[in-house]
Amino acid sequence: MQQGNNPPLGGSTSGTHRPTLQYFKWSFIVTVLGLALGALLGWQTTGTVGGTLTIFFICAVLAVLEISLSFDNAIVNANKLKEMTPKWQRRFLTWGILIAVFGMRIVFPLLIVVVAANIGPWQAMVLAASQPDEYSRIMHDAHLPIAAFGGTFLMMVGLSFFFDHEKDVHWVRWLEHRMQRYATVRGIEVAVVLVTVLIFSRFLEGADSQVFFHSAIWGLLTFLLVEVLGGLLDSSQEALQAGAKGGIGAFLYLEVLDASFSFDGVIGAFALTHNLFVIAIGLGIGAMYVRSMTIMLVERGTLAEYRFLEHGAFYAIIALSVIMFVQPLVHIPEVITGLGGATLIGISFWSSIRWNRKNRAVGP
């Protein structure tokens, strides 16, 4: 396998890797600033210590959620960045972070609010900033379609990972082995999601049932369109590499992939809060860690040190999708939603460490 002659992203050519904490220096700085801004926002909007701590906690959970959901994003980015020139590597990791944070984490959630609440972009921004009570009321009224749309999209993301006939690493072996075996059945994950949507829609009455079902179908179509777009870009990747390796074409290719991976995190954020600025702060912090992880993975040349961590992230995605389906029926506190996903990821991380120790002990 060719490692390439490009110097490390950090600029060092000594052949030695930087300490792990140094990769996350800017992420730590953004975390401190972001959480402080979240606490300030909490105090200004609630005026109570409890409200301030709640928004502070939600910002932290959203950051963890974004990191966990985008772990595979970092892996894909690292694989592509290895083939790019140092100049375009740095451009992606500087300009790309601006697009990721200010585009997908601020503009895109605003568009979701605009579509779901049927109001103009400027009106939505003004409501979010100056009339949080009215903004919350509109978002509460629009919660049903958002939950159906987001839950469907997230469930497709999670099931597509496990219904993969090429998947050869299993964490929960008895379940994942069976899912891999049935992955050759065309469209099985779509069938599972549609059956789930039909079941949940039966618990709603009248117009609510129709809104839930139609929004879920749009979520399914959005996922399929993203998959088609990714396939088209994949088919043209050889031409990109043959033309200008690391040029504007490859840059745009990575940005579209990054947006696709970010979509589930943005949608999932609505399961925790409807506050546009809290979403932007939390996901923005998470985006910085994704960039730091990408740099570390490229420089260290290892992408699978913790083999079950990605499994835990996708189980968390599926759990979050189910929660979004349940929320129109029963209110589920944000703390439970956030801690549930973090727990699954933590268990998968611990399992990965155990697997590594066991296999190192056995040795070749």
message = Quick one, Leu198 with Phe213, criterion side chain to side chain contact (heavy atoms under 4.5 Å, CB included). Give me CA distance, side-chain angles, the key distance, then yes/no.
response = CA-CA 7 Å; Leu198 286 171; Phe213 185 78; 3.6 Å; yes
message = If the test is side-chain contact (heavy atoms from CB on, under 4.5 Å), which one of Ile188, Val190, Ile318 qualifies with Leu159?
response = Ile318
message = Just to verify, which of Phe24, Trp26, Phe28 counts as forming a side-chain contact (heavy atoms from CB on, under 4.5 Å) with Ser292?
response =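 Single pass found, and it is Phe24.
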request  = Start with the C-alpha distance between Leu175 and Phe162, add both sets of side-chain angles, then the distance that settles side chain to side chain contact (heavy atoms under 4.5 Å, CB included), and finish with yes or no.
outcome  = CA-CA 9 Å; Leu175 175 62; Phe162 294 107; over 6 Å; no
Grab the two heavy atoms, one from [X] and one from [Y], that are nearest each other, plus how far apart they are.
X      : Y      : answer
Leu144 : Pro328 : CD1-CB, 3.6 Å
Trp171 : Leu344 : CH2-O, 3.9 Å
Phe308 : Ser348 : O-CB, 3.1 Å
Thr48  : Gly51  : OG1-N, 3.0 Å
Gly151 : Ser321 : O-CB, 3.2 Å
Ala63  : Ile285 : CB-CG2, 3.7 Å

Do [X] and [Y] have side-chain heavy atoms sitting under 4.5 Å apart?
X      : Y      : result
Phe325 : Met155 : yes
Phe163 : Val185 : no
Ile199 : Val195 : yes
Val169 : His311 : yes
Phe223 : Val193 : no
Leu194 : Ile217 : yes
Phe200 : Leu329 : yes

query = Is it true that the NZ or CZ of Arg178 lies under 6.0 Å from the centre of Trp174's six-membered ring and within 45 degrees of the ring axis?
reply = no
task = Check step by step if side chain to side chain contact (heavy atoms under 4.5 Å, CB included) holds for Val61 and Ile58.
result = CA-CA 5 Å; Val61 170; Ile58 291 175; 5.6 Å; no
message = Please tell me whether Tyr315 and Glu176 have a donor and an acceptor in their side chains that are separated by less than 3.5 angstrom.
response = yes
key: Hydrophobic cluster identity match, Ile281 and Leu53, side-chain contacts under 4.5 Å   =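 No, Ile281 and Leu53 fall in different hydrophobic clusters.
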task = Look at the aromatic rings of Phe161 and Phe314 and report parallel, tilted or perpendicular, splitting at 30° and 60°.
result =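 Rings of Phe161 and Phe314: parallel, under 30°.
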request  = Please report the C-alpha distance between Trp218 and Thr152 in whole Å, then the side-chain angles of each, then the deciding distance to 0.1 Å, and finally whether the side chain to side chain contact (heavy atoms under 4.5 Å, CB included) criterion is met.
outcome  = CA-CA 9 Å; Trp218 276 110; Thr152 302; over 6 Å; no
request  = Please confirm whether the backbone N or O of Lys167 pairs with a side-chain atom of Gln180, one donor and one acceptor, at under 3.5 Å?
outcome  = yes
